[in-house]
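To start, the structure under review is shown below, and the notes come after it.
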Amino acid sequence: MHAEGGQRIRGEAAIVVLTGAGISVESGLPSFRGAGGLWEGWRLEDVATPEAFARDPITVQRFYDQRRRQLLGEDIRPNAAHLALAELERRWPGEVLIVTQNIDDLHERAGTRNLIHMHGELLKARCTACAAVHPWRSDLSSSHRCAACAGQNRLRPHVVWFGELPLEMDRIYDALAACDLFLAIGTSGQVYPAAGFVETVRATGQAHTVELNLEPSATGSLFAEQRHGPASERVPRFVAELLARSGS
Ligand code: BV8
């Protein structure tokens, strides 16, 4: 595992990990594309855009209520890939930042702390009047009031819809510009700006880029290294290699 210029990944290297729906599939949560994906049962335009929410909030809320209930199901828990990344954060001498496109809380449940949910969180609701964000673990409807401004019919899932700006983009681009290793796990590389991160990193010319995915993604050829297979197998093995090399 050598960086672009062939030099070894140093023990204190800064690591940025981008995760997508593929890392949570073996935990029992559907991905978006592909067989059994969310987009098989729902049209993106009907459930994941601000226009859809304005047009038909009940259908949008039903989409997220269903996913929230599933996420809170007792059989859903982090898998070996989530746990390996949490261990990497604990034991790696340098900084490890997880940037996830996922709105589930499996990284947190695995123990990851240095984490950015660039597309929001399913277990939170946001007030469209005062922008307050509230923990939310039950169905959400227009009858609920915002606990901060008492506004009614103002709460929406705290997620980023298509056409909306993802969260914490400045912090993400700063980390991408400074990283020595960029690792993408379980993402198809079809949704921007996340799909463009590998090019942002390559432009610095200082970082090694690795894709761990079940199959080659749409941006797979842009990575210096690709390893294909289930995340629950590939991620723990890759993390063990990294930790062995850093002697930590
Ligand atoms: C924005 C939250 C601008 C809600 C989500 C440039 C070019 C083209 C289009 C655009 C562009 N720039 C912007 C766009 C438009 C759009 C976009 O990218 N459209 C796509 C469809 C073409 N992007 C946006 O709208 C973004 N916003 O650009 O704002 C802006 C600028 C200024 C001011 C205002 C606005 C916002 C995008 C975010 C939308 N919200 N999620 C929700 O979850 O409901 S996106 C959602 O879909 C996910 O978060 C994720 O990002 C994406 C799904 O992708 P993946 O996670 O990769 O999942 P997928 O199913 O596709 O793939 C799974 C992979 O895992 C597969 O490769 C599979 O092989 C693999 N896998 C499966 N099992 C396993 C596995 N791997 C390992 N192990 C396994 N077991």
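Atoms within a ligand are numbered from 1 in the order they appear, just like the ligands themselves. Nothing fancy with the numbering, it's 1 onward along the sequence.
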Scan the protein's non-hydrogen atoms and note whether one is under 4.0 Å from atom 15 (C) of ligand 1.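 Protein heavy atoms within 4.0 Å of atom 15 (C) of ligand 1 - there are none.
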May I ask you to check if Arg62 and Trp42 form a cation-pi contact, with NZ or CZ under 6.0 angstrom from the six-membered ring centre and within 45° of the axis?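 No; the conditions do not both hold, so Arg62 does not lie above the ring face of Trp42.
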Report the part of Ser217 (side chain from C-beta onward, or backbone N, CA, C, O) that has a heavy atom under 4.0 Å from ligand 1; answer both or neither where that applies.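 It is neither; nothing of Ser217 touches ligand 1.
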Step by step, work out the side chain to side chain contact (heavy atoms under 4.5 Å, CB included) result for Arg33 and Gln190. CA-CA 10 Å; Arg33 290 169 181 75; Gln190 301 191 46; 3.4 Å; yes
Relative to each other, are the rings of Phe53 and Trp161 parallel, tilted or perpendicular (30° and 60° limits)?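 The rings of Phe53 and Trp161 sit tilted, inter-plane angle from 30° to 60°.
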Nearest protein heavy-atom contact for atom 20 (C) of ligand 1: which residue, which atom, what distance?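 Among all protein heavy atoms, the one nearest atom 20 (C) of ligand 1 is Gln190 O, 3.5 Å.
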Closest protein heavy atom (residue, atom, distance) for atom 76 (N) of ligand 1: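 Looking only at protein heavy atoms, the one closest to atom 76 (N) of ligand 1 is Leu214 N, 3.2 Å.
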NZ/NE/NH1/NH2 to OD/OE distance under 4.0 Å, Glu241 and Arg227: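 Counted as a salt bridge, because a side-chain N and a carboxylate O are separated by less than 4.0 Å.
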Within a distance under 4.0 Å of any heavy atom of [X], pick out the atoms of ligand 1 and give their elements.
X: Glu26; answer: 78 (N), 79 (C), 80 (N)
X: Gly20; answer: 56 (O)
X: Pro230; answer: 78 (N)

Using distance alone, decide if ligand 1 has a nitrogen or oxygen within less than 3.5 Å of any nitrogen or oxygen in Val191.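 Looking only at distances, the answer is no, because the N/O contact criterion of under 3.5 Å is not met.
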Can the ring centres of His158 and Trp136 be said to be less than 6.0 Å apart?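 So the answer is no for these two rings.
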